[in-house]
Amino acid sequence: MRIIGIIPARYASTRFPAKPLAMLGGKMVIERVYRQVEGTLNDVVVATDDERIEEAVRRFGGKVVMTSTSHRSGTDRCYEALTKVGADRFDVVVNIQGDEPFIQPQQLQAVSACFDDETVDIATLVKPFTVADGYAALENANSPKVVVNNRMEALYFSRSIIPFMRGKDREEWLPNHTYYKHIGLYAYRTDVLRRITALPQGTLEKAESLEQLRWLENGYKIKVALTDVETIGIDTPEDLARAEAFLKSR
């Protein structure tokens, strides 16, 4: 099974323009993401819509393809990039967020291993919230939650806290139930990626602004792999400062 990692990277961002090019510990964020993936999968490429990012990736020796500026999501950008590098060369695509500089090889391997089961079409990654995380982390709308069935398949994703624990005070929720934080790492069989990018937006996706709900609405199953490794996504300059502190602590 041949697996390619594709890293969508846009220049425009409402909360943090040019964040792929921001410096983190002496390297650009996009280079840190690339280096974390390099060597773990069969191939890796950055998919961008901006010549400044293209030039930066080429400068550090990475592979990059230019894609349309009109894509609705990173998944759509991944599919265009796949067609440009050759869809028939790979069985599975792993979509790695361009703002996740601490993604770990074992996390990529965990998602990839889901496809050892021939019935799996899409896979993603979750991390259990801990009591130490606290209720504030659980209620953070920028950190989507997911509930799963007994086969570790996603039932639903939400920015709200799911499930709601009736009859218990909120400080009792984490000690009494395993809540899962969604890590924004997706993988798809190449033919499934082609099909899901052709789907129209659904009502659930529009409500939550979570594209994976479109796949669930259309009957696709999403296999969930577990990780206990924390990642720090960079959405704002404040996140970058937090990531810098985390890097120094290591």
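Worth knowing before you read on, the calculation uses all heavy atoms, side chains too, and leaves out hydrogens, waters and symmetry mates. In this chain, residues are counted from 1 in sequence order.
Between the side chains of D117 and T119, at least one donor N or O lies within less than 3.5 Å of an accepting N or O.
At a threshold of 4.0 Å, the pair D43-K63 counts as salt-bridged, since one of the basic side-chain nitrogens sits closer than that to a carboxylate oxygen. Between R35 and E38 there is a salt bridge, with a side-chain nitrogen of the basic residue lying less than 4.0 Å from a carboxylate oxygen of the acidic one. Electrostatic pairing of R189 and D191 does not count as a salt bridge here, judged by no charged N lying under 4.0 Å from a carboxylate O.
Looking at R159, its side chain never comes within 3.5 Å of a backbone N or O of L210 through a donor-acceptor pair. D91 places a side-chain N or O within donor-acceptor distance of the main-chain N or O of R2, the cut-off being under 3.5 Å. Checking side-chain atoms of N42 against main-chain N and O of I4 turns up no donor-acceptor pair under 3.5 Å. Formation of a donor-acceptor pair under 3.5 Å by the N140 side chain with backbone atoms of A137 is not found in this model. A donor-acceptor pair is defined here as one N or O able to donate and one able to accept, closer than 3.5 Å; such a pair exists between the side chain of R32 and the backbone of G25. The backbone N or O of L138 sits nowhere less than 3.5 Å from a side-chain atom of K181 that would complete a donor-acceptor pair. Checked by atom type and distance alone, the side chain of N176 pairs as donor or acceptor with a backbone atom of E172 at under 3.5 Å. Checked by atom type and distance alone, the side chain of Q36 pairs as donor or acceptor with a backbone atom of I103 at under 3.5 Å. For the pair Q107 (side chain) and L125 (backbone), a donor-acceptor distance under 3.5 Å is absent. A donor-acceptor pair is defined here as one N or O able to donate and one able to accept, closer than 3.5 Å; no such pair exists between the side chain of E208 and the backbone of K206.
T40 places a side-chain heavy atom less than 4.5 Å from the side chain of Q109. Taking the side chain as every heavy atom from C-beta outward, V46 and I30 approach each other to under 4.5 Å. Under the 4.5 Å side-chain criterion, counting only non-hydrogen atoms from C-beta, Y220 is in contact with R195. Taking 4.5 Å as the limit, some side-chain heavy atom of E244 sits within range of a side-chain heavy atom of L24. At least one side-chain heavy atom of T75 sits less than 4.5 Å from a side-chain heavy atom of E211. The shortest side-chain heavy-atom distance between V192 and I122 falls under the 4.5 Å cut-off. Contact annotation: the side chain of T48 never approaches that of V57 to less than 4.5 Å [non-hydrogen atoms, C-beta and beyond].
Within 6.0 Å of CD on E171 lie more than 12 heavy atoms contributed by other residues, nucleotides or ligands.
Using cut-offs of 30° and 60° for the angle between ring planes, the W173 and Y179 rings count as parallel.
Nearest approach of V29 to D99, heavy atoms of both residues: CG1-CA, 4.2 Å. The heavy-atom pair separating P8 from C78 by the smallest distance is CG-SG, 3.7 Å. Annotation for F115 and D121: closest pair CE2-O, 3.5 Å, computed over non-hydrogen atoms. For the pair T178 and P128, the tightest heavy-atom approach, listed with the atom from each and the gap, is CG2-CB, 4.1 Å. Scanning all heavy atoms of the two residues, the minimum distance from M1 to S112 falls at CE-O, 4.0 Å.
Take H182 and apply the ring-ring contact (aromatic ring centres under 6.0 Å, His included) test, not counting sequence neighbours, and it matches F157, Y186. Every residue two or more places apart in sequence or in another chain was checked for a salt bridge (charged side-chain N to carboxylate O under 4.0 Å, His left out) with K168, and none qualifies. Scored by the salt bridge (charged side-chain N to carboxylate O under 4.0 Å, His left out) test, D239 finds R242 as partners (sequence neighbours excluded). Every residue was checked against the salt bridge (charged side-chain N to carboxylate O under 4.0 Å, His left out) condition with R166, not counting sequence neighbours, and none meets it. Residues meeting the salt bridge (charged side-chain N to carboxylate O under 4.0 Å, His left out) test with E55, sequence neighbours left out: R59.
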Between L204 and Y156, does a side-chain contact (heavy atoms from CB on, under 4.5 Å) hold up when you go through it step by step?
-> CA-CA 10 Å; L204 296 177; Y156 192 73; 4.0 Å; yes
Using the side-chain contact (heavy atoms from CB on, under 4.5 Å) rule, take Y11 and L21 through it: C-alpha gap first, then chi angles, then the decisive distance, then the call.
-> CA-CA 8 Å; Y11 188 91; L21 305 182; 3.9 Å; yes
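The CD atom of E80 lies 9.5 Å from the CG atom of D76; values are rounded to the nearest 0.5 Å. Between the CD1 atom of I234 and the NZ atom of K19 there is a distance of 8.0 Å, given to the nearest 0.5 Å. One distance of note links CD1 of I232 with CZ of F246; it measures 5.0 Å at 0.5 Å rounding. Taking CG of L82 as the start and OH of Y188 as the end, the distance is 11.0 Å to the nearest 0.5 Å. With values rounded to the nearest 0.5 angstrom, K145 atom NZ is found 8.5 Å from I162 atom CD1. L185 contributes atom CG, which lies 6.5 Å from atom CD1 of I96 (distance to the nearest 0.5 angstrom).
Applying the 4.5 Å side-chain rule to ILVMFWY residues, one finds that M66 remains a lone member of its cluster.
Linking Ile, Leu, Val, Met, Phe, Trp and Tyr whenever their side-chain heavy atoms come within less than 4.5 Å leaves F90 and V120 in two separate clusters.
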